[in-house]
2 protein chains.
Amino acid sequence: MDLWQLHIFVSVVENKSFSKASQAINLSQPTVSSHIKELEDYFKCRLLDRLGKITEPTKAGEILYQYSKKILNLRDRAESALHDFLGKTKGDLLIGGSTIPSGYIIPKLIGPFSKKFPEVSIELAAGDTMQIVREIKKGKIEIGIVGAKIDDPGIKQEKLVADEMKLIIPLSHKWAKRASVDCLELFKESFIAREKGSGTWKSILKSMEDAGFDPKGLKTCVTMGNTISVIQGILNHVGISILSTIAVQDDIDTKRLKALPVKGLALDRFFYITLSKKRTLSPIGKKFIDFCKAYYGLNFV
Amino acid sequence: MDLWQLHIFVSVVENKSFSKASQAINLSQPTVSSHIKELEDYFKCRLLDRLGKITEPTKAGEILYQYSKKILNLRDRAESALHDFLGKTKGDLLIGGSTIPSGYIIPKLIGPFSKKFPEVSIELAAGDTMQIVREIKKGKIEIGIVGAKIDDPGIKQEKLVADEMKLIIPLSHKWAKRASVDCLELFKESFIAREKGSGTWKSILKSMEDAGFDPKGLKTCVTMGNTISVIQGILNHVGISILSTIAVQDDIDTKRLKALPVKGLALDRFFYITLSKKRTLSPIGKKFIDFCKAYYGLNFV
DNA sequence: AAGTTTACATCAAATAAAATTATCTAGATT
DNA sequence: AATCTAGATAATTTTATTTGATGTAAACTT
C-alpha cells in the first residue's frame, strides 16, 4: 500500500475503468491491473467489481476510496506547503543580537525588511554574545549579529558592518572644535569606564595594550553598566568615554555629542553575522542575510 | 515521495539519527541515506541537518514531518477501518424484498439478526420483483429476497424457503373440518381474486392452466389490491382465496383462518435469495445470508 | 596530539519491483 | 457465429531498492 497504488486505485474508481485509468495516468492497462491486484491481495478482499461495461468499487473499495482521497489530498497539501515555504518569503524568523546590534543595528534593519516582506514575522532576542551563540548552535536562533569573533568549530561568521569606536565628548567640551585627539591626552580627563564583561570595554583595553599604553592610567571616575548610562554620563559632564559611533549616531546627528578619532589606537572592530556551520539556513533567513548585506553595501560602499 | 520514504523520514526525525532509524525499521543505514537523499532531491532542499552527534530537521523538514505524521496516521486509520469492516460485522446493509418477503419473511429475520449483530443497521426496501432486481444490478440493494426465478445473466439466486400456497377459509366455513379440497370444488365458491400484476395471482392462474383447468370458471366476486385486503375479505365472508401460508401463518396460529391444500394444483413455489452475479458481497451481506440459511435450516429440517 | 569511535556518504553488485508488449479469456454486441 | 470490449496473464525489459564494503569527517579518548 503506497501512494502510487492509491493514486492508481482512485483513478480506476473515478474512471470506472482499468483501461481508461491507465490512459489517464500514462500507464499500460496490465500495470493498473497488477497494482489493483496487489492492493486486493494486501487487504485480502475485492476492492473493485469488474462489471463488464464498467467497474465500480465494492463496499470495502468505497471505504478505501474515501481514505485514499483524503491521503492524496494531504500529500498535495504537504507539497504545496513546502513549496510555499521554499518559494515565498513567509513565516517566522528568530534573530539574536548582542548588546549593540540588538539596540542599534538590528532595529534599523527590521523596519525596511518587514516592509519588503510583510508576511515574515520577526522576533529579536537580545543577550550576551555567548547566549546568542549557544542558541544558534541549538537551532533556536537562526541568525545572530554579534560584535566578537567566535572561536567555535560549529559557528561561521561574516563581517556585516564596521564599528568605529571614537572618543565621545559633549559639544561644550574644550576639544569640541578639534578633529582628533591623541591617546596620551585621554589620561588627563575623567573617563567613564564600563563593567568588566562589556565587549566595548574589552575592546578599549585591548587596543590600548596593543598600542603600548597602560589602561590603568585612565582616570576612571565611574563605571557604568550599559551604553545608555555612559551617554547620559557624558551629556551630564561626568566624564568622557570611548563608544561605538553606531550607538551614538543619533546624538551626533542631533549635535548633542561629538565623536573624535583617537590617534594611536586601533579602535575598529566589526559586527558579524553569526550562523551555525551545520544547520541549514531557511529561505527566510537567507533573504534576511541578503537584505543585511545589501543594506550595508548600499550605505557604505 | 511515497509512504515508505515518509515513514523512513519520520523515523529519522524521531530517532534523531539515520543509523538508529535504520535499525528501528530493519534497514541498512545506506538505504535510509538514499531515501532521505531522494526526498531532498525531490523537494530541492535540505530536510535534515546532520549535526554530527544527532540529526535534526530543518525548517522545511519540520513542515514535512508534520504532514508526514498526518499522512501516515491517515494511512493507519484507513487500514484499520478496512480491517474493521472486513472483520467486524458492523455497518449498513440494504435488503430488498418483493411483496410477501418484505411483508412476512424479512421482518421475521431482521429481529434476531439485529440481536446477534447489533452494530449492523439494516434497511429494508419493498418493491416489485423487477424493481428489486434492477436495484440489485445497480449495486444499490445488496441482497434481495423475491418469489420468482429471474432470467437474467447478471443475477444469481438460491432457494431460501418454500412457499406453500393453500386455500384459505374462515373457521366458520363449511370446509373447516376437512383436510383438503379438490380443485374442481373451488369453482362452486365465491373466490377473491388479485390484481393482474400480482405474483400470487400469476402463480394461481399458471398452476390451474398447468393442471388443465380454466381459471375463468372461478366465481371471482371481487379483486383485491393486496394480501391484507384478501385476508380481511375472507374473515368477513366475502369469499375464499388461495394465499401463501407464510402470509397467513399468524391468522392460522390464532385460529382465525384455516389453510387447506388444494388437490390437483401445484401450488408450491419458492422464495429466492437474489444477488448480483458480479458484484462482491460485503462481509455483512455474507453474514446475513448465512443467517437466513441457518434460520430456515434449523426451522424446517 | 594521535588513535578511536560515531555517524553519515558513496559505490558496485545483487535483488526485487514495476512497466511493457503480446497474448488470452469472458462477456457483450452485431 | 463473428466481432468488440474490458480485463487477466505471461514473459521480458527496465527501473528501483537494498545491501555490504568502504570512505570521510567530526567528536571523543587517553
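All values below come from the heavy atoms of this structure, side chains included, with hydrogens, waters and symmetry mates left out. A note on names: the letters A, B, ... follow the listed sequences, proteins ahead of strands, and every chain is numbered from 1.
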Margin query: Here's a test of your reading of the structure: between B/D2 and A/G154, which maps to the more 5' nucleotide of DNA chain D?
Written below: B/D2

Checklist line | Sugar-phosphate, base or nothing in reach of B/S19, heavy atoms under 4.0 Å | finding: sugar-phosphate

Next item on the list: Decide, yes or no, whether a salt bridge links B/K137 with B/D152 under the criterion of side-chain N to carboxylate O below 4.0 Å.
Entry: yes

Note to self: If you compare every side-chain N and O of B/W4 against the phosphate oxygens of C/dA16 (OP1, OP2), does one of them come in below 4.0 Å?
What the structure shows: no

Next item on the list: Could you check how far CD of A/Q23 sits from P of C/dA19, rounded to whole Å?
Entry: 17 Å

Note to self: For a quick check of understanding: with a heavy-atom distance under 4.0 Å over all strands, which category does A/S34 fall into, base, sugar-phosphate or nothing?
What the structure shows: nothing

Note to self: Output the rounded distance in Å from CZ (A/R50) to C1' (C/dT25).
What the structure shows: 15 Å

Checklist line | Closest-nucleotide 5' rank along DNA chain D - winner of B/I8 and A/K278 | finding: B/I8

Notebook entry, point to check: Side chains of B/T58 and B/D49: is there a donor and an acceptor less than 3.5 Å apart?
Noted result: no

Margin query: Between B/E56 and B/R50, does any side-chain N to carboxylate O distance fall below 4.0 Å?
Written below: no

Item checked: Side chain of A/T31 - closest among C/dC8, C/dT10, C/dA19 -> C/dA19

Margin query: Expressed as a whole number of angstroms, how long is the span from A/D49:CG to C/dG27:C1'?
Written below: 15 Å

Margin query: Mind checking if B/S28 touches a base, just sugar-phosphate, or nothing, with heavy atoms under 4.0 Å?
Written below: base

Check: Looking at D/dT18, C/dA18, D/dG7, which one has an atom nearest to any side-chain atom of A/E38?
Finding: C/dA18

Next item on the list: Nearest whole angstrom, please: distance from the C1' of D/dA16 to the OH of B/Y42.
Entry: 17 Å

Notebook entry, point to check: A/N15 has an atom CG; how far is it from atom P of D/dA6, in whole Å?
Noted result: 12 Å

Check: With sugar-phosphate meaning primed atoms plus P, OP1 and OP2, does A/P30 contact a base, only sugar-phosphate, or nothing at under 4.0 Å between heavy atoms?
Finding: base

Margin query: Tell me whether the side-chain N/O atoms of A/S33 come closer than 4.0 Å to OP1 or OP2 in D/dA8.
Written below: yes

Item checked: Nucleotide C/dT29, atom P - distance to NZ of A/K53 in whole Å -> 6 Å

Checklist line | Salt-bridge present (A/D41, A/K37; N to O < 4.0 Å) | finding: yes

Check: When we call it a touch if two heavy atoms are under 4.0 Å apart, what does A/L27 touch: a base, just sugar-phosphate, or nothing?
Finding: sugar-phosphate

Check: With a 3.5 Å cut-off and just heavy-atom distances, do the side chain of B/Q29 and the base of C/dA9 make a donor-acceptor pair?
Finding: yes

Item checked: Shortest non-hydrogen contact between B/I141 and B/G96, atoms and distance -> CG2-N, 3.5 Å

Notebook entry, point to check: Between B/K20 (NZ) and C/dC8 (P), how many Å, whole number?
Noted result: 8 Å

Checklist line | Closest to the A/H35 side chain, choosing from D/dT19, D/dA8, C/dA19 | finding: C/dA19

